[in-house]
Amino acid sequence: MEYANVIVDISHEKLDRVFQYRIPEHLKEHLKTGMQVQFPFGNGNRPMKGYVVGFTDTPDYPPEKIKELDRIMEGGVRAESQLIAMAAWMKERYGSTMNQALKTVLPVKQEIAEKKEVRLRLIVSKEQGEALLKDALHKNFRAKARLLAALLDHGGVLDKKEAADRYKVTAPVIRKFEEDGILVQESRIQYRNPFEGHFEQKERTVLLTEEQQAAVDGIFSEYEKGIRKTYLLQGVTGSGKTEVYMELIARITEEGKQAIVLIPEIALTFQTVRRFYERFGDRVSVMHSRLSDGERYDQFVRAREGSIDVMIGPRSALFTPFSQIGLIIIDEEHEGAYKSETVPRYDAREAAVYRASLCGASVILGSATPSVETAFHARNGQYGWYRLDRRIGRAVLPEVSVVDLREELKAGNRSIFSRRLYSAMDDRMKKGQQMMLFLNRRGLSGFVSCRSCGKAIRCPHCDVTLSLHGDGSLKCHYCGYQIRMPKACPTCGSPYISGFRAGTQQIEREVKKYFPKARVLRMDYDTTRTRESYEKILSAFGKGEADVLVGTQMIVKGHDFPNVTLVGVLAADISLYASDYRAAERTFQLLTQAAGRAGRGEQAGEAVIQTYMPEHYSIQAAVKQDYEAFYRQEIAYRNLMGYPPVETMMGIYLSAGDQELLEEKTKALGIFIREMQQQEVLMIGPADAALTRLNDRYRKVIYLKSRQEEKLLLIKNKTEHYLEMDAGWEKIRVQFDMNPFQAY
DNA sequence: AGCACGCCGACT
DNA sequence: GTCGGCGTGCTC
């Protein structure tokens, strides 16, 4: 490779792109992506630092104008260059522009550019300032006079941005004043600890169980021998995975290394963080969506400076600028939250393994119900594998039973509660114990359909079914479109239209109907618009202020409620109807998690699963709490159908406002890919996306499958090139998705 | 961000 | 004419 693609280490939009430099012969061997380099820049060829983000033989800048790199900066691979290397890797693997990838790994990059408040302060007396102003006016130095007048007007202090925008003062003027000792520039940055005063560090001795100790010893002894790899820690809910994480973190931080702990955003609560804080004190920091840009930036600086060594946060915390990472932990690794839904659509588990390889760290993936991918790798020996099969203390696994709703209907029970669930609820009410009712859906009654023509009422923009809400309105869950419930079917005019199946609001109402004394809390997307309301509901329930908690997925994740002894799953098969290959996996995980909520304290727990498909293997396996049985069936299905992890699958998503153009271009792209004639690559489609329209944009998909991942990446690269070369693609958005989690 | 170039008013 | 401030454009 003759040329290096380099980004300049200056935060300025005009420089936020790739520059190309010739690689001197003696550097060709050593130069790698992510390295920091020095090179001549600009008219004066002043020495500039930057990072290598890639290589090319065909520069898109006149070769005779390309300058040569000076040298590679020494000092190993620094944290930032690790992140640059991550960006380059993500661009390559997941398909995005370098800019999109950089913004993902360096969110600070724009944030400081926007946020950094620089103020100008006059450091001469008022009299001297006035004298200078007079002098400037006299000499007709208009820019200097404007700045001085503004400064004097504002008591000697002025925001730099205001100086530029309002008083049209340019950088050279400010620099000159600074050199002459007339003013100083001050940037006000305070690094705050988001926990200051919240918690205390506690000395405490934890006795690990045999299983926990075996996992810690096994992983740490390999670590000490210099072995770095990825481990699956498969532990049932309540088996104490967190203690294993903390013990390992304690050991590696003693050696001067740092650790990153990823948690799904929804499980990232004060309780979780408190446990880490109590153990590691203010060496721990946290990232979450409620932090302001400024606070988030502070955490990055604190990490870079080395004043913390454990970072807890959602998937973006993976990009914490630590330089000596020893361990990356991903808790609840099966969660969909680890797959990004925006370009680059990266998978945090894969990205963690890549980052670990850059800095010599090990990775631990923890879950009670591992993703099929992770379980697959643990079984073929690629990952280490430890299990925690027993719950801590006296808690035992709950008793799970299944109810066939078809039988209930035959027996004349048309209520949403089966006889079995009803009597269990009645029993708990009498005993004063708590229960949770779980439904994988929100809104009053799901979709509304016509009994004459069978059509469901859909959103005109997004093509998803509208949901009926308690106030009689129909809402779109994607774009928020809302109409009144019509009196007749919009398609055929029949008056026989009605809601179908229960939503959380209706369940709440039914509970109150059958148990008038019950205190009910409801938790779904509608009642938890803000994070405060989410925590408020959970803590109220935890304090025993309600008997019944009704909710969607979010009630079954994290959170221990010792007094909950009954969990009811109202319609277990709803999540099986999702139109993607992960539906069975997701259903099994949800049901297992839901059942695991029961009996976390002294009393034994019970779970009742209602379903129309009791014979389905993911429901059967969940009832028996048998991961192995589920995995055997599921991997057979993936193998038969050629789905991940057996084969790699790549989605190409196209969207445009113009339906005809999209149709024509998608067809052309399909032909282009087919003509590449790649052996052992299967193309599915082109087809309409699961959502044929979203926010007034039409959507199409092409899926490709292959046992050889490299072939798909080759097709991706060729396609990217084709999109740049072929005319008419400007109005069409194209995205790639490796091993998609959800239907597009 | 920071350097050079070219414009424009003031002074020799 | 020439000196120096000031705005603008560009950086592989």
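Below, all heavy atoms of this structure are taken into account, side chains as well, without hydrogens, waters or symmetry copies. Below, read A as the first sequence line, B as the second, and so on, with proteins coming before strands; counting in each chain starts at 1.
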Query raised in the report: Among all residues two or more places apart in sequence or in another chain, which pass the ring pair (Phe, Tyr, Trp, His ring centres under 6.0 Å) test with A:Phe672?
Result: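 Applying ring pair (Phe, Tyr, Trp, His ring centres under 6.0 Å) to A:Phe672 gives A:Tyr722.
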
**Report entry** Residues forming a ring pair (Phe, Tyr, Trp, His ring centres under 6.0 Å) with A:Tyr653, sequence neighbours excluded
**Finding:**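 Applying ring pair (Phe, Tyr, Trp, His ring centres under 6.0 Å) to A:Tyr653 gives A:Tyr744.
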
Query raised in the report: Between A:Asn43 and A:Lys160, which has a closest nucleotide on DNA chain B that is more 5'?
Result: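 So the residue in question is A:Lys160.
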
Between [N] atom [atom2] and [X] atom [atom1], what is the distance in whole Å?
X: A:Arg22; N: C:dC12; atom1: CZ; atom2: C1'; value: 10 Å
X: A:Glu2; N: C:dC12; atom1: CD; atom2: P; value: 19 Å
X: A:His138; N: B:dA10; atom1: NE2; atom2: C1'; value: 10 Å
X: A:Arg46; N: B:dC3; atom1: CZ; atom2: P; value: 6 Å
X: A:Lys67; N: C:dC10; atom1: NZ; atom2: P; value: 15 Å
X: A:Lys49; N: B:dG2; atom1: NZ; atom2: P; value: 13 Å
X: A:Glu64; N: C:dC12; atom1: CD; atom2: P; value: 13 Å
X: A:Tyr61; N: C:dT11; atom1: OH; atom2: C1'; value: 7 Å

Query - side-chain contact (heavy atoms from CB on, under 4.5 Å) involving A:Ala150 - partner list, sequence neighbours excluded - result: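 Listed in chain order: A:Leu158, A:Tyr167.
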
Requested in this report: Go through the structure and list residues passing side-chain contact (heavy atoms from CB on, under 4.5 Å) with A:Asn43, not counting sequence neighbours.
Outcome: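 Listed in chain order: nothing, the list is empty.
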
Report summary line: Protein-proximity profile, nucleotides 2-7 of chain C, B/S/- by nucleotide at the 4.0 Å heavy-atom cutoff, equals ---SSS

Report task. For A:Phe41, report the nucleic acid contact type (base, sugar-phosphate, nothing); a contact means any heavy atom under 4.0 Å. Result ->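 A:Phe41: base contact, heavy atoms under 4.0 Å.
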
Report task. Could you tell me which residues satisfy salt bridge (charged side-chain N to carboxylate O under 4.0 Å, His left out) with A:Asp331, sequence neighbours excluded, listed by chain and number? Result ->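 Checked A:Asp331 against salt bridge (charged side-chain N to carboxylate O under 4.0 Å, His left out); zero matches.
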
Query raised in the report: In terms of the angle between their ring planes, are A:Tyr354 and A:Trp89 parallel, tilted or perpendicular, with boundaries placed at 30° and 60°?
Result: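 Rings of A:Tyr354 and A:Trp89: parallel, as their planes differ by under 30°.
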
